[in-house]
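Beneath this line is the structure, given in structure tokens, with notes to follow.
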Amino acid sequence: MNQEKMNDLKNWMNTEGIELTYISDPGHIAYFSGYESDPHERVLALFIPLNHEPFLFTPALEIEDAENSSWSYPVYGYLDSENPWQKIADLIQQQGIPKKIATEKEALTVARYDILTQYFTNSDFSANVTPVIEKLQLQKTPDEISKLMAAGDWADVALEIGFKAIAAGVKEQEILAEIEYQLKRKGVRSMSFDTLVLTGKNAASPHGAPGNTAVADGDLVLFDLGVVWNGYCSDVTRTVAYKEPTDFQKEIYNIVLEAQLKAMDAVKPGITAGELDEVARDVISGYGYGEYFNHRLGHGIGTTVHEYPSLITGNDLVIEEGMCFSIEPGIYIPGKVGVRIEDCLHVTKNGCEAFTKTSKDLLVLH
Ligand code: MN
Ligand code: MN
């Protein structure tokens, strides 16, 4: 449970005259309550009233798990045979009917919004809490940073397993399966997104899908992966060579590495998200490959793998100590080569510290 951030949220509610905030995104519920769950189509909700105790509302089968989490306020539940919205409305109305209710407009479905407004016909639902939560999540607490560090350690372990699994004739899917199998045996419950292992030309698609392609001599193999650990995500990319790379492959690799290192060096409080993107983009453009770096430099990371902010030219957001995000330039030349190098980091007083430590010198496997 994150009482400090709930207090910050209440300060915002107080300023805006909002009497109740309804949080529906499971990642955001976990962020405030400490209770992690994927409710699928059932209703999982966190209600934070300005002047009363907050409460979690879960499917009945989850009440015990929620009570055993770090959440220390009441948990209410509903059976599959009951109408959850009637129960929610009753619980809220016991505290008085709120005049202004904030919802997560980026997460709440229109169907659920319609139901809610039928129960609270005289309440104002215009306030959107999504951007407020995004801003609260921007600066991580020391406790959150230590969790991100631990998740990063697991990503390093995953890469090591992946590198060892590379051999001539081994398919992308087989390497991926080996990584996830070994991690699960070691106690990792889930990856933070579908693991990418892309070899040769396949790596030229930034979000390609691993398949039956086998590693061949002279391939560059791209790994992009992360784990969820204590509710926090990691995200790392390394590109390695199987057998001696060509001069062209080395050239592309070194340009991406230079861009990644220069951007990491530039990270410090006071620079903007857009300026960081430009540092990396200028390096790649300087070598004439600008058109092949076709995505933003990075994204925030925390309880979800892609959070605010977006590191892209034009974003004036000023970087501050405690912010956590990825630096992940790449060059993708269709049909030829794909290289990306990615670390996530936290901003310190004078610079930054990466969550992942796997070497970035071009690793040549034999
Ligand atoms: Mn990323
Ligand atoms: Mn990634």
Side-chain angles (χ1 to χ4, degrees), residues 27 134 137-138 140 144-145 147-149 151-163 172 175-176 179-180 183 188 190-199 202-210 220-229 232-240 253 256-257 259-261 263-264 267 273-274 276-277 279-281 284 292-313 315 317 319 323-332 338-347 352-360 363:
E134 284 175 346
Q137 289 184 320
L138 257 182
K140 268 63 180 179
E144 290 185 283
I145 288 169
K147 285 174 176 163
L148 287 160
M149 275 289 179
D153 289 344
W154 278 112
D156 286 326
V157 171
L159 286 174
E160 205 183 317
I161 297 166
F163 297 165
E172 293 167 337
I175 297 169
L176 177 167
I179 293 170
E180 297 194 359
L183 285 183
V188 171
S190 62
M191 308 303 289
S192 37
F193 55 92
D194 288 342
T195 301
L196 286 188
V197 179
L198 300 168
T199 191
N202 294 351
S205 169
H207 274 180
L220 293 184
V221 187
L222 184 152
F223 293 83
D224 188 351
L225 52 83
V227 310
V228 186
W229 189 252
Y232 283 76
C233 297
S234 52
D235 183 11
V236 68
T237 305
R238 288 292 184 273
T239 308
V240 300
Y253 187 89
V256 175
L257 181 60
Q260 210 262 357
L261 293 175
M264 297 246 326
V267 175
L276 285 175
D277 180 82
V279 168
R281 208 163 292 281
I284 292 174
Y292 301 109
F293 175 20
N294 54 9
H295 56 74
R296 62 185 176 184
L297 177 66
H299 54 81
I301 191 162
T303 52
T304 49
V305 72
H306 283 184
E307 283 186 3
Y308 183 72
S310 198
L311 276 74
I312 186 72
T313 300
N315 185 349
L317 177 88
I319 300 301
M323 289 183 182
C324 299
F325 49 80
S326 71
I327 297 281
E328 50 177 307
I331 295 178
Y332 317 92
V339 173
R340 177 168 65 258
I341 303 171
E342 170 181 28
D343 290 301
C344 290
L345 55 82
H346 69 101
V347 182
C352 69
E353 182 187 16
F355 298 133
T356 37
K357 322 277 188 211
T358 300
S359 169
K360 287 179 276 199
L363 178 65

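As the structure lists them, so they are numbered: ligands from 1, and atoms in each ligand from 1. Throughout, residue positions are numbered sequentially from 1 according to the sequence presented.
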*Any side-chain heavy atom of Val236 within less than 4.5 Å of one from Thr358?*
no
*Without hydrogens or angle criteria, can the side chains of Arg296 and Ser310 be said to hold a donor-acceptor pair below 3.5 Å?*
yes
*For Gln137 and Tyr308, test the side chains for any donor-to-acceptor distance below 3.5 angstrom and give the result as yes or no.*
no
_Is there a side chain to side chain contact (heavy atoms under 4.5 Å, CB included) between Leu196 and Arg340? Walk through the geometry before answering._
CA-CA 12 Å; Leu196 286 188; Arg340 177 168 65 258; 4.0 Å; yes
*Parallel, tilted or perpendicular: which fits the ring planes of Phe163 and Phe223, with parallel below 30° and perpendicular above 60°?*
perpendicular
*the Mn ion (ligand 1) reached by His299 (N, O or S, under 2.8 Å)*: yes
*Around the Mn ion (ligand 2), how many protein N/O/S atoms fall inside 2.8 Å?*
4
*Using salt bridge (charged side-chain N to carboxylate O under 4.0 Å, His left out) as the criterion, list what pairs up with Arg281, not counting sequence neighbours.*
Asp277
